[in-house]
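Report on one structure; see the data block that follows.
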Amino acid sequence: MELHVVILAAGQGTRMKSALPKVMHQLAHKPLAQHVIDTASRLEPAKIHLVYGHQGELVKQGLSGENLSWVNQGQQLGTGHAVDQALPSIPDSAQVLVLYGDVPLTGMATLKNFIAESSGKLGILSISLPDATGYGRIVRNSAGRVQAIVEEKDANPQQKTIREINTGIMTAPAALLKSWLPELSNANAQGEYYLTDIVAMAVTDKVDIFTMEPANTYEVEGVNNRIQLAALERAYQTTKANELMVAGASLADPGRIDIRGRLETDQDVFIDVNCVFEGHVILGKNVIIGPNCVLKNCRIGDGTTLEAFSHLDGSDLGKNTAIGPFTRLRPGTELADKAKVGNFVEIKKARIGEGSKVNHLSYVGDAKVGKQVNVGAGTITCNYDGANKFVTEIGDQVFVGSNTALVAPVKLGNGATIGAGSTINRNVESDQLAISRAKQRNIDNWQRPKKS
Ligand code: UD1
Ligand code: CA
């Protein structure tokens with residue numbers, strides 16, 4: 001049966017106290033609604049319908065890349081009304097799954113199981129909580145059969161003692177929803193059309209009801225305020241940290257790592273505390289990441305060590321390279337095997353050859369650096385004239401003395417040597433020494449100025 005997913009995201013989210021719509025707040029660098037869409041997509045539905053309302057334009061903008069059917073709910077008259085808005089574009093033969101845009105971490109296994117078991121039935125994903133305050137309660141008869149869902153505000157004192165609650169995630173055949181939803185009434189404590197009232201209708205119509213609980217509570221937790229958002233962020237990071245350790249990586253402290261994208265680790269990787277991974281990062285065998293490093297869209301070759309406080313973005317590192325502490329590698333950096341980049345060095349759009357070293361306080365941008373090169377402390381590639389950028393080419397086995405300015409475009413041939421403190425703006429041929437600093441003068445018996 002073809003699946004249609006309806007994501008409810010029209011509510012206001014007042015308690016976020018934000019100019020941003022609630023579902024656009026980020027968890028692990030991704031909007032809450034995006035998490036739900038990504039999960040829904042993995043179920044391979046025929047269509048995902050997103051019900052929007054409050055700040056709808058911002059939601060639409062934020063998710064513009066998605067192939068969604070956008071359903072405008074002009075007035076938020078309740079969850080039943082919200083689902084009803086999507087029904088006209090769903091065929092009768094479909095099965096409908098209702099998800100909430102502010103419940104980001106529902107697991108794939110849970111949903112697959114839920115949908116499969118609910119086929120042709122009304123499915124309710126429920127959970128038993130120690131404190132059920134605020135939720136719709138699942139009311140069962142003495143035989144244990146579900147009779148209704150009663151919202152907190154409509155519940156009598158006895159119903160309020162029920163701890164089994166409605167998570168909000170439901171599934172039903174579209175044909176049944178089409179018969180039930182127009183019959184909903186808003187004669188209740190909140191004056192809303194409750195989706196949950198279809199449960200009593202299913203009982204009347206003798207439609208089978210399937211209930212199931214997820215393996216983890218966080219899978220059905222929603223975000224209403226920033227405290228809950230932070231709590232779910234931690235739940236998410238804990239699952240990611242556990243996955244890494246199961247895959248063979250060691251973490252100095254699984255409570256102090258943040259993965260905001262996809263991190264792949266090969267065997268025996270070690271990650272020290274407070275590291276942040278963004279985008280797609282791949283760490284090879286035996287890679288060691290020191291404390292407080294940030295890596296975004298990088299591939300790090302086997303045996304490489306990053307020392308503390310290194311910041312890498314869009315960089316591709318070979319095997320057994322050594323980085324940091326305090327290194328900044330910007331997009332387009334490529335390091336060949338055994339290259340070394342040390343403290344307070346910035347590299348951008350440059351390839352550093354095998355075994356070459358840029359150990360201290362340098363800027364290398366728009367450059368090609370050969371093998372076994374030594375770039376001395378304080379070397380700067382002057383790649384920018386204020387309007388255009390130019391390339392610096394450095395051959396193999398070049399030795400660049402400290403505090404050298406290489407004014408691009410410029411080429412240093414294989415084996416060239418540059419004297420410390422030089423400003424080089426003409427090409428240097430292979431095996432030449434280039435030195436451009438002013439000659440030193442020594443003056444005898446120099447009298448220093450005295451204070452008057
Ligand atoms: C709902 C359920 C309750 C359940 C709880 C779980 C109903 C009547 N109640 O209550 O049984 O225990 O969720 O969190 O369904 N929304 C719209 N349009 C609307 C109203 C809501 O899109 O007109 C969206 C909201 O943005 C939100 C979701 O639906 O994502 C749930 O709405 P909310 O008002 O939070 O429902 P609850 O009162 O929490
Ligand atoms: Ca809610």
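Sequence positions, counted from 1, serve as the residue numbers for this chain. Numbering of ligands and ligand atoms starts at 1, following listing order. This is a predicted model, so every value here is computed, not measured. Computation of the quantities below employed the complete heavy-atom set of this structure, encompassing side-chain atoms and omitting hydrogens, waters and symmetry-equivalent molecules.
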Review item, side-chain donor-acceptor pairs of residues 63-73, under 3.5 Å, at least two apart:
from  : atom 1 : to    : atom 2 : distance (Å)
Ser64 : OG     : Gln61 : O      : 3.2
Glu66 : OE2    : Gln34 : NE2    : 2.9
Asn67 : OD1    : Lys47 : NZ     : 3.4
Ser69 : OG     : His49 : ND1    : 2.8
Gln73 : NE2    : His81 : ND1    : 2.9

Which atoms of ligand 1 are found less than 4.0 Å from any heavy atom of [X]?
X      : answer
Gly136 : 3 (C), 4 (C), 11 (O), 12 (O)
Tyr194 : 8 (C)
Thr79  : 7 (C), 8 (C), 15 (O), 20 (C), 21 (C), 29 (O), 31 (C), 32 (O)
Ala9   : 22 (O)
Asp102 : 27 (C), 30 (O)

So for ligand 1, is [X] a polar contact partner (N or O within less than 3.5 Å, distance only)?
X      : answer
Ala10  : yes
Gln75  : no
Ile149 : no
Asn166 : yes
Gln73  : yes

Checking [Y] against [X]: is there a side-chain donor and acceptor pair closer than 3.5 Å?
X      : Y      : answer
His311 : Thr327 : no
Arg140 : Thr211 : yes
Thr133 : Asp131 : yes

Please confirm whether the backbone N or O of Gly301 pairs with a side-chain atom of Thr321, one donor and one acceptor, at under 3.5 Å?
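No.
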Ser356 side chain to Gly370 backbone, donor-acceptor under 3.5 Å
yes
Would you please determine whether [X] falls within less than 4.0 Å of ligand 1 on a heavy-atom basis?
X      : value
Thr167 : yes
Glu151 : yes
Gly222 : no

Of the side chain and backbone of Val23, name the one, both, or neither that has a heavy atom under 4.0 Å from an atom of ligand 1.
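No part of Val23 is near ligand 1 at this cut-off.
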Ionic contact status for Lys389 with Asp366, cut-off 4.0 Å
no
Just list the side-chain donor-acceptor pairs under 3.5 Å for residues 279-292, sequence neighbours left out, or say none.
from   : atom 1 : to     : atom 2 : distance (Å)
His280 : NE2    : Glu264 : OE2    : 2.5
Asn292 : OD1    : Asn274 : ND2    : 3.4

Relative to atom 20 (C) of ligand 1, which among Gly11, Gly101, Gly78 owns the nearest non-hydrogen atom?
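Closest candidate by heavy-atom distance is Gly78.
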With a 4.5 Å heavy-atom cut-off, do Tyr236 and His35 have their side chains touching?
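Yes, at least one pair of side-chain atoms sits under 4.5 Å.
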